[in-house]
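Take a look at the structure set out below.
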Amino acid sequence: MKDVFFLYNQCCFYEIVILNYFMSVTSCDVVFCSLDGRSIKATEGYSVNIDAALNQIDKTQVRSFIIPGGDIASVDCEEVRAFLREMKKNNILIAGICNGADLLDRAGILDGISSTHSTDRDIVRDQDVITARANAYVDFAIETAKALDLFQDEADLQETIDFWKNHKRIQ
């Protein structure tokens with residue numbers, strides 16, 4: 001199953017880089033996709049190669065769909081909204097941070113569930129949807145990794161939290 005990062009020009013790469021790291025070290029099958037399949041330039045200036053256009057993604061092979069924040073104007077369209085609604089209908093994990101959550105809201109994904117749009121919390125997981133505010137990028141990575149069962153056990157999870165959130169050295 002594929003874990004798909006939906007990237008676009010001026011997306012905030014820092015919001016997803018820790019999650020991408022967790023996926024890389026646990027051998028997830030990560031796919032970077034963009035609306036048109038072209039490379040993107042992130043807000044931080046990184047040029048990112050893209051593996052596929054959104055319409056090339058086999059929806060039956062998607063395990064998770066992750067959307068970073070940034071300037072979503074270029075991807076706030078019916079093609080993306082329809083794709084998201086189909087992911088929701090098929091109980092695929094959908095995770096949006098910062099303006100990525102705005103895109104989920106505009107697609108109707110947040111209707112009837114708790115989210116960062118309906119609460120004052122920095123991160124919310126309800127059903128198969130995770131939303132986070134931009135400052136919660138570490139929590140976003142950990143919560144999404146938990147939802148995908150990427151941790152070996154509780155000790156692995158705690159070590160990850162200690163390192164990434166509590167800034168403890170790992171021996």
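Side-chain N or O atoms of R81 include one that pairs as donor or acceptor with a backbone N or O of D76 at under 3.5 Å. N90 places a side-chain N or O within donor-acceptor distance of the main-chain N or O of E86, the cut-off being under 3.5 Å. Judged by distance alone, the side chain of E15 and the main-chain N or O of G69 form a donor-acceptor pair under 3.5 Å. Checking side-chain atoms of R133 against main-chain N and O of T116 turns up a donor-acceptor pair under 3.5 Å. Not a single donor-acceptor pair under 3.5 Å links the side chain of T144 to the backbone N or O of A141. One N or O on the side chain of D36 and one on the backbone of R38 form a donor-acceptor pair closer than 3.5 Å. Formation of a donor-acceptor pair under 3.5 Å by the N99 side chain with backbone atoms of G70 is found in this model. Looking only at distances, a side-chain donor or acceptor of Y8 sits under 3.5 Å from a matching main-chain atom of P68. When atom types are taken as modelled, the side chain of S34 and the backbone of A53 share no donor-acceptor pair closer than 3.5 angstrom. Remark: the backbone N or O of I92 is not paired with any side-chain donor or acceptor of D128 at under 3.5 angstrom.
Contact between V80 and L103 at its shortest, heavy atoms only, is CG1-CD2, 3.8 Å. Closest of all the heavy-atom pairs between T119 and S114 is CG2-CB, 4.4 Å. The heavy-atom pair separating L104 from A95 by the smallest distance is CD1-C, 4.4 Å. Annotation for Q127 and I113: closest pair NE2-CG2, 3.2 Å, computed over non-hydrogen atoms. Of all heavy-atom pairs between Q10 and T43, the closest is O-OG1, 2.7 Å. Here the shortest heavy-atom pairing between F151 and D156 reads CA-OD2, 3.3 Å.
Proximity of D51 to K2: side-chain heavy atoms (C-beta onward) are nowhere separated by under 4.5 Å. Between F32 and N20, the closest side-chain pair of non-hydrogen atoms falls below 4.5 Å. The shortest distance between side-chain heavy atoms of C11 and I40 falls below 4.5 Å. Looking only at side-chain heavy atoms (C-beta outward), I18 and I142 stay at 4.5 Å or farther from each other. By the 4.5 Å heavy-atom criterion applied to side chains, K88 and L84 are not counted as neighbours. You'll find the side chain of C77 reaches within 4.5 Å of the side chain of L35, heavy atoms only.
Hydrophobic clustering of Ile, Leu, Val, Met, Phe, Trp and Tyr side chains at less than 4.5 Å, counting indirect connections, unites Y137 with L150. Grouping the Ile, Leu, Val, Met, Phe, Trp and Tyr side chains by contacts below 4.5 angstrom, directly or via other members, places V17 with I97. Residues I50 and V4 are members of separate hydrophobic clusters, defined by side-chain heavy-atom contacts under 4.5 angstrom among Ile, Leu, Val, Met, Phe, Trp and Tyr. One hydrophobic cluster, built from ILVMFWY side chains closer than 4.5 Å, cannot hold both I67 and V30; they sit in different ones. Under a hydrophobic-cluster definition in which Ile, Leu, Val, Met, Phe, Trp and Tyr are linked whenever side-chain heavy atoms come within less than 4.5 Å, directly or via other members, M23 and Y14 are assigned to the same cluster.
Here the rule is side-chain contact (heavy atoms from CB on, under 4.5 Å) with E143, and of L19, I123, L148 only I123 fits it.
Atom-to-atom distance recorded for R121:CZ and S115:OG is 9.5 Å, nearest 0.5 angstrom. Atom NE2 of H117 is separated from atom CG of L110 by 6.5 Å, given to the nearest 0.5 angstrom. The CD1 atom of I161 sits 10.5 Å away from the NZ atom of K168 when rounded to the nearest 0.5 Å. Here S118 contributes atom OG and D126 contributes atom CG; the two are 8.0 Å apart, rounded to the nearest 0.5 Å. To the nearest 0.5 Å, atoms CD1 (I109) and CD1 (I94) are separated by 4.5 Å. Once rounded to the nearest 0.5 Å, the distance linking NZ of K41 with CG of N9 reads 9.5 Å.
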Decide yes or no on ring-ring contact (aromatic ring centres under 6.0 Å, His included) for F65 and F83, but give the supporting numbers first.
-> CA-CA 10 Å; F65 195 78; F83 188 95; 5.0 Å; yes

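D120 CG: 12 or fewer foreign heavy atoms inside a 6.0 Å radius. For E78, the CD atom is densely surrounded, since the number of other residues' heavy atoms within 6.0 Å is greater than 12. More than 12 non-hydrogen atoms from other residues, nucleotides or ligands lie less than 6.0 angstrom from CZ of F5.
Between F13 and Y46, the two ring planes are tilted [angle within 30° to 60°].
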